[in-house]
Amino acid sequence: MLESLNYSLFYWINATPASPQWMISLAIFLAKDLISIVPLLAVVLWLWGPRGQVCAQRQLVIKLAMAIGISLLLSWTVGHVFPHDRPFVDGVGYNFLHHSADDSFPSDHGTVIFTFALAFLFWHRLWSGVLMMIIGCVIAWSRVYLGVHWPLDMVGGFLAGLSGCLGAQVLWLIFGEALYRRLQAAYRFCFSLPIRKGWIRD
């Protein structure tokens, strides 16, 4: 039943040769480049921000890194234990994005962006989490639209992200404060010059 739903949703979303070229080009940008918002925003949150919020932002970045690590490990494990071919490997639909024929489920892109979005929902602010979730859904749509993933690959990525956030919260309660102090000390040592210059936050 799930496989039938997977196929039905894929055929509904997947682009065809008759799809507008501008739509395919936009989807390629969303599928390949929009994920870069994850490292860029993490760097911004760590280096800058209102003085009273920098500590909370850096704790968010640490939790986010832990969550992504856990969720990607889970995604890799599931992909190897329950391998599933990509649509173009099975000759299903149309493919508009070059991709290796590795395991499809869960989606690594989906795992990362949904972990990111859920981290903002849980540990930042509702509006930022909702915005990141919208971006996550857009990336998920684009990769199905271009034919490199099944819709349920993205559901798997969401579930992996949720598991990663829950795991990170447990680890944070055990190791979080000590880890934060050590990373903060290492940051101040390595970036002492730009901190003194006022280019980045202490």
- Message: Can you confirm whether P50 sits close enough to Q57 that some side-chain heavy atom of one is under 4.5 Å from a side-chain heavy atom of the other?
- Response: yes
- Just wondering, do H84 and E3 contact through their side chains at under 4.5 Å, heavy atoms? yes
- Task: Nearest 0.5 Å please: distance from the NE2 atom of H109 over to the CE atom of M154.
- Result: 8.5 Å
- Quick one: list whatever passes side-chain hydrogen bond (donor to acceptor under 3.5 Å, both in side chains) with S142, sequence neighbours left out. none
- Query: Going through the checks in order, is the side chain to side chain contact (heavy atoms under 4.5 Å, CB included) test met by V92 and Y11?
  - Reply: CA-CA 9 Å; V92 177; Y11 279 119; 3.3 Å; yes
- Task: Considering non-hydrogen atoms only, spot the tightest contact between L118 and C165 and give its length.
- Result: CB-SG, 3.8 Å
- Message: For Y94 and I24: C-alpha separation, side-chain torsions, deciding distance, then whether side chain to side chain contact (heavy atoms under 4.5 Å, CB included) applies.
- Response: CA-CA 12 Å; Y94 298 93; I24 293 174; over 6 Å; no
- Item | Shortest non-hydrogen separation from T111 to P106 and the atoms involved | OG1-CB, 4.3 Å
- In Å, rounded to the nearest 0.5 Å, how long is the span from CD1 of I35 to CD1 of I113? 4.5 Å
- Are L173 and V61 connected, step by step, through hydrophobic side chains (Ile, Leu, Val, Met, Phe, Trp, Tyr) whose heavy atoms are closer than 4.5 Å? no
- For the atom pair NE2 (H80) and CG (D103), what is the distance rounded to the nearest 0.5 Å? 5.5 Å
- Applying ring pair (Phe, Tyr, Trp, His ring centres under 6.0 Å) to W141 and not counting sequence neighbours gives Y145
- Message: Quick check for you: to the nearest 0.5 Å, what is the distance between M66 atom CE and L171 atom CG?
- Response: 4.0 Å
- Message: As a quick check of understanding, evaluate side chain to side chain contact (heavy atoms under 4.5 Å, CB included) for F116 and I135, giving each step before the final call.
- Response: CA-CA 10 Å; F116 197 66; I135 291 174; over 6 Å; no
- Query: Which hydrophobic side chains are connected to L73, either touching it within the sub-4.5 Å cutoff or through other members that do?
  - Reply: none
- Item | Worked verdict on Q169 versus W123 for side chain to side chain donor-acceptor pair (under 3.5 Å) | CA-CA 10 Å; Q169 182 61 34; W123 303 316; 2.8 Å; yes
- Task: Please report the closest heavy-atom contact between R143 and A31, naming both atoms and the distance.
- Result: NH1-O, 2.9 Å
- Item | Hydrophobic cluster of L74, others only, ordered by chain and residue number, side-chain cut-off 4.5 Å | V78, V81, F82, F105
- Item | T115: which of S163, S75, S71 passes side-chain hydrogen bond (donor to acceptor under 3.5 Å, both in side chains) | S71
- Note on the structure: Between the CG atom in L60 and the CZ atom in R125, the distance rounded to the nearest 0.5 Å is 10.0 Å
- Task: Apply the test side chain to side chain contact (heavy atoms under 4.5 Å, CB included) to residues M132 and F114: give CA-CA distance (whole Å), side-chain angles for both, the deciding distance (0.1 Å), then the verdict.
- Result: CA-CA 8 Å; M132 290 300 131; F114 284 127; over 6 Å; no
- Give a yes or no on this: more than 12 heavy atoms of other residues, nucleotides or ligands lie within 6.0 Å of atom CZ of R182. no
- From D153, L152, N14, I13, residue fulfilling side-chain contact (heavy atoms from CB on, under 4.5 Å) relative to V144: I13
- Message: Would you say V89 ends up clustered with L146 if hydrophobic residues are merged whenever their side chains have heavy atoms under 4.5 Å apart, either directly or through other cluster members?
- Response: yes
- Message: Can you confirm whether more than 12 heavy atoms, excluding those of F122, are under 6.0 Å from its CZ atom?
- Response: yes
- Message: Please check: side-chain N/O of W48 versus main-chain N/O of V43, any donor-acceptor pairing under 3.5 Å?
- Response: no
- Is there a chain of hydrophobic side chains (I, L, V, M, F, W, Y, each step under 4.5 Å between heavy atoms) that links Y187 to L40? no
- Message: Using the side-chain hydrogen bond (donor to acceptor under 3.5 Å, both in side chains) criterion, which residues pair with Y180? Sequence neighbours excluded.
- Response: none
- Task: Of all the heavy-atom pairs spanning V54 and D202, show the shortest one and how long it is.
- Result: CG1-O, 4.4 Å
- Check whether L121 and I70 end up in the same hydrophobic cluster, where Ile, Leu, Val, Met, Phe, Trp and Tyr are linked by side-chain heavy atoms less than 4.5 Å apart. yes
- Message: Testing the basics here: between W150 and S104, what is the closest heavy-atom pair and its distance to 0.1 Å?
- Response: CD1-OG, 3.5 Å
- Message: Between L26 and W22, is there a side-chain heavy-atom distance shorter than 4.5 Å?
- Response: yes
- Item | Co-membership, hydrophobic cluster, residues L34 and I68, 4.5 Å side-chain | yes
- Search all heavy atoms of K63 against all heavy atoms of A168 and return the closest pair with its distance. O-CB, 3.7 Å
- Message: Please enumerate all residues that pass side-chain contact (heavy atoms from CB on, under 4.5 Å) together with R51, with sequence neighbours excluded.
- Response: R201
- Note on the structure: Between the NE2 atom in H149 and the CG atom in N95, the distance rounded to the nearest 0.5 Å is 11.0 Å
